[in-house]
Amino acid sequence: MKDYLQTQLRHVLDDLGDVPDDFDVSLEAPAREEHGDLATNTALRLGSILEDNPRSIAETVAEKLRERVDPTRIKSVEVAGPGFINFRFAQDYLFEGLADLLAEGETFGHSDGGAGQSALVEYVSANPTGPLTVGHGRNAVLGDTIANLLEWTGYDVTREYYFNDAGRQMRVLAQSVRARYEAIVSEDAATKTITLDDDTTVEVPASFPEDGYLGEYIVDIAEQVYDEHGASLLTTESLGPFQEAAEAAIFAEIEGTLQRLNIEMDSYANEQELHDDGLVQDVIDGLTEAGLTYEENGALWLKTTEFGKEQDTVLVKQSGEPTYRTPDIAYHKTKFERGFDLMIDVFGADHHAAYPDVLNAIDVLGYDKEKVNVVLYQFVTLVRGDEPVKMSTRRANYVTLDDLIDQVGEDVTRFFFLMRSPDTHLNFDLELAQEESEKNPVFYLQYAHARICSVIDKAEEVGFSYDEDADLSLLTHEDEIALMKELLRFPRALQNAADARAPHFVPNYLRDVATAFSQFYDNCQIIGEEDDLAIARMHLALAAKTVLKNGLTVLGISAPRSM
RNA sequence: GCGCUCGUAGCUCAGUCGGACAGAGCAUCGGUUUCCGGUACCGAAGGCCGGGGGUUCGAAUCCUCCCGAGCGCACCA
């Protein structure tokens, strides 16, 4: 409908003459009911261009539009206020839309803006050094939902998890496991005391690395290693078996956590392969050929000052080991070489200083960095009552994503992370989430869905059934009209959310749907009305159920038949 | 010091391309049930959109300065 009006409007403006060809014809849904179903500010904006009174331009344009427009689609074209042109839909248009919605069923909401294009969404990407934290949860759920949204708008989507398994972090992890293992093998081994950031101290084996991982899970992994190998690893120098055991155990746990949230990756990419395949070296060579590197103090630097940064950045350390940035660039290069049309990275706010380097390097290496889209989200602050909860992967006292899911459930976890803009800091009060989870908006949506299921079941019990020839034109009550309009906005809502990479549009929209349904439900009976009307209303209820179900599906949240 | 994000009702937050009187949930107060799920619905109250200046017919939205919060500014990831 929007497209249709845009086209008609464009034709009228062409006839008018003097309107620049690149003039952007925009239509929007007005905030207020009395301003119609769609409105355009065209005349207002033409006022200064044509040096004429906006109001009289609007009158002229509206007059011409009335002659052009199909009356079975548009009921009225009116000029209002300082020069807005307001459109009102013909009711037949709504009835046709409703019939289409019902016919489409569980695919209603799909659009084809991304058809024929492939997208790679990279998310989670936590290094396997410990269980996923609440912060990772926001990343995971955002990325997964953006991937869903892109699928619904026609993209062929690949979900990918990238991790660094070649650097210092994993080495420290392996050393931590080894130290615990050694303590298991020889029970009277020496210990030492480590002082943490918050001045508390902890007793660890003497060989434990200074910045080692203190979580209990490290001890568990060490015990597994011991069960498998006995004391035989004590004599080997290699950290390999310890790193492998740790990586496997931790990854298994991470995958389990993701599965609980309905998240399944299509592929995993890791840093080690980039080294093995020589791709990291290729990047270093490429950047050097471009004249953007130099050596100093035994390290290789990237001239990030040429991109407007205050200082240059190290690509390869004195030790000969690349910083994480270098394989990151190589990784992004592989994304381009796999031919994706769109690449989305989901990062926490702490990465915002680093990714421009990657994009600039990609640009220098001859790729179109505009195809990479970074979604940055602000941190999750976890509080328990008034007590802030620390989230350090090192320390043992952080709350894991699994803990959170245990406490509030999968649906609430996903919904909570999705209902707010990625740009805002998320205050997650565990106490509140547990005690008052009944008040969480997700229950409002699920309740509306369950209620519809129940109503439809009841209608079927008394003999009504789905009939594609149902006379939908009987739906003329204001709450029926309002609900239909709300439901038909669904594909557009998904498209907007996908385009803006803004999953939170969807929960907001679904709340409006649930409210519109509840109002309809309150004022329009089904059972007890005359058959034709009852059947028409049953179809409208079914349509509302479809939209709620599809919307919740996009969010990765269940739509229960009963609660 | 520099950069990024944010500042909207008592609280948590929406506000899509700059549009018409600034929106929702929670909390507070009041009302609604002979009827399909009351975990619902309706209403009231609550605002200098952090502050100043600017652009515009029109600014919560864009520009600029200031104030405040979070996060960065590593040969850690």
Side-chain angles (χ1 to χ4, degrees), chain A residues 24 26-32 34-35 39-41 44-45 47-48 53-54 80-84 86 125-127 129 163-164 167-170 172 211 271 297-301 308-311 313-325 328 348-354 356 376-379 381 393 419-427 429 432 436 438-441 443-444 446-448 450-459 461-462 492-493 496-497 499-500 502 504-505 507-508 511-512 514-515 518-519 521-529 534 537-538 541 562-563:
Chain A
D24 187 29
S26 69
L27 285 160
E28 63 188 38
R32 306 180 69 81
E34 66 257 36
H35 295 140
T40 181
N41 59 3
L44 287 167
R45 289 169 51 229
S48 52
N53 177 357
F84 289 101
N86 297 335
S125 292
N127 291 338
T129 57
F163 60 99
N164 300 106
R168 207 188 64 92
Q169 264 196 2
M170 294 305 286
V172 173
D211 49 358
E271 182 187 355
N297 299 332
L300 188 72
W301 294 72
K309 270 209 163 183
E310 279 185 10
Q311 25 181 316
T313 309
V314 172
L315 280 180
V316 183
K317 304 181 218 170
Q318 256 178 5
S319 63
E321 206 174 17
T323 59
Y324 70 95
R325 213 172 306 247
D328 266 11
D350 55 339
H351 281 68
H352 78 257
L376 272 189
Y377 61 92
Q378 298 299 311
F379 272 14
T381 314
T393 313
M419 64 186 293
R420 283 173 194 157
S421 159
D423 279 338
T424 95
H425 299 99
L426 193 57
N427 271 323
D429 186 338
L432 199 77
E436 303 194 61
E438 300 289 319
K439 287 167 185 161
N440 191 301
F443 291 109
Y444 180 73
Q446 292 180 322
Y447 175 77
R451 193 188 224 182
I452 297 171
C453 291
S454 159
V455 169
I456 290 173
D457 286 350
K458 216 143 240 170
E461 273 172 35
V462 301
R492 192 95 212 172
N496 287 343
D499 291 348
H504 69 286
F505 288 1
N508 289 341
R511 157 162 290 281
D512 291 343
T515 298
S518 293
Q519 287 169 345
Y521 174 86
D522 250 47
N523 296 315
C524 302
Q525 276 286 131
I526 294 177
I527 296 163
E529 294 291 344
R537 284 180 173 170
M538 182 188 153
S562 66
M563 304 176 62

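Below, chains carry the letters A, B, ... as their sequence lines are ordered, and counting in each starts from 1. The basis for the numbers below is simple: all heavy atoms, side chains too, and nothing from hydrogens, waters or symmetry mates.
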For A/Lys317 and B/rA77, is the shortest distance between a side-chain N/O and OP1 or OP2 below 4.0 Å?
yes
Mark yes or no for whether A/Thr323, through its side chain, and A/Val316, through its backbone, hold a donor-acceptor pair below 3.5 Å.
no
Under 4.0 angstrom between A/Tyr444 side-chain N/O and B/rC41 OP1 or OP2:
yes
Minimum-distance nucleotide to A/Ser518 side chain [options: B/rA40, B/rA20, B/rC36]
B/rA40
Could you give the distance separating B/rC26 and B/rG58 at their C1' atoms, to the nearest angstrom?
34 Å
Could you check which of B/rC6, B/rG19, B/rU39 has an atom nearest any side-chain atom of A/Asp423?
B/rC6
For A/His504 and B/rA14, say yes or no: do the ring centres fall under 5.5 Å of each other while the ring planes differ by less than 30°?
no
Atom CZ of A/Arg420 and atom P of B/rC6: how far apart are they, to the nearest Å?
16 Å
Anything under 3.5 Å between a protein N or O and an N or O of nucleotides 69-71 of chain B, put it in a table, one pair a line.
none

N or O in side chain of A/Ser454 less than 4.0 angstrom from B/rC36 OP1/OP2
no
Could you run down the sub-3.5 Å N/O contacts of the protein with nucleotides 28-30 of chain B?
none

Any N or O donor-acceptor pair linking the side chain of A/Asn86 to the base of B/rA20 at under 3.5 Å?
yes
Position toward the 5' end of RNA chain B (nearest nucleotide), A/Arg325 or A/Leu376
A/Leu376
Any donor and acceptor pair, going by atom type alone, linking the side chain of A/Ser454 with main-chain N or O of A/Ala450 inside 3.5 Å?
no
B/rG70 and B/rC41, which share atom name C1', separated by this distance in whole Å:
40 Å
Would you measure the distance from the C1' atom in B/rC29 across to the matching atom in B/rG46 and give it in whole Å?
12 Å
Hey, is the main chain of A/Asn297 close enough, under 3.5 Å, to the side chain of A/Gln318 for a donor-acceptor pair?
yes
In whole angstrom, give me the gap between the P atoms of B/rA9 and B/rA60.
15 Å
Taking atom P in both B/rG43 and B/rA24, what distance in whole Å separates the two?
10 Å
Taking the same atom, P, in B/rC17 and in B/rU5, what whole-Å distance lies between them?
16 Å
Does B/rG19 have A/Phe84 stacked on its base, where the ring centres are within less than 5.5 Å and the planes differ by under 30°?
no
Tell me what A/Leu27 touches on the nucleic acid: a base, only sugar-phosphate, or nothing, going by heavy atoms under 4.0 Å.
base
Does B/rG3 have OP1 or OP2 under 4.0 Å away from a side-chain N or O of A/Lys309?
no
So what does A/Ser562 hit on the nucleic acid, given a heavy-atom distance under 4.0 Å: a base, only sugar-phosphate, or nothing?
base
Closest nucleotide among B/rC75, B/rC35, B/rG37 to the A/Val455 side chain
B/rG37
When the P atoms of B/rU64 and B/rG10 are considered, how many whole Å apart are they?
30 Å
Please give, in whole Å, the distance from B/rG31 P to A/Asp522 CG?
18 Å
Between B/rA20, B/rA14, B/rA77, which nucleotide has the shortest distance from any of its atoms to the side chain of A/Asn508?
B/rA14
Please tell me if A/Tyr521 has a side-chain N or O lying less than 4.0 Å from either OP1 or OP2 of B/rG38.
yes
Could you give the CD-to-P distance, from A/Gln519 to B/rU32, as a whole number of Å?
19 Å
To the nearest angstrom, the CG-C1' distance between A/Asn427 and B/rG7 comes to 14 Å
Atom-to-atom span, CD of A/Glu321 to C1' of B/rA74 - whole angstrom:
14 Å
Let me check I have this right: for RNA chain B, each base becomes ., (, ), [, ] or |, based on Watson-Crick or G-U pairs with both distances under 3.5 Å. What is the full string?
(((((((..((((.....[...)))).(((((.......))))).....(((((..]....))))))))))))....
How close or far is atom P of B/rC75 from atom CD of A/Gln169, stated in whole angstroms?
16 Å
Strictly distance-based, threshold 3.5 Å: is any side-chain N or O of A/Asn127 a donor or acceptor partner for the main-chain N or O of A/Asn164?
yes
A/Asn297 side chain: which of B/rC17, B/rC75, B/rC36 is closest?
B/rC75
Distance in angstrom units between A/Asn41 CG and B/rC57 C1', rounded:
12 Å
Within the 4.0 Å heavy-atom criterion, would you say A/Thr424 contacts the bases, only the backbone, or no part of the nucleic acid?
sugar-phosphate
Pick the C1' atom in B/rC11 and in B/rU28, then give their distance to the nearest Å.
12 Å
Which nucleotide sits closest to the side chain of A/Arg511: B/rA24, B/rA20, B/rC35?
B/rA24
Check the distance between B/rU33's C1' and A/Arg451's CZ and give it to me in whole angstrom.
12 Å
Only one of A/Glu529, A/Gln519, A/Arg537 clears side-chain contact (heavy atoms from CB on, under 4.5 Å) with A/Cys524; which?
A/Arg537
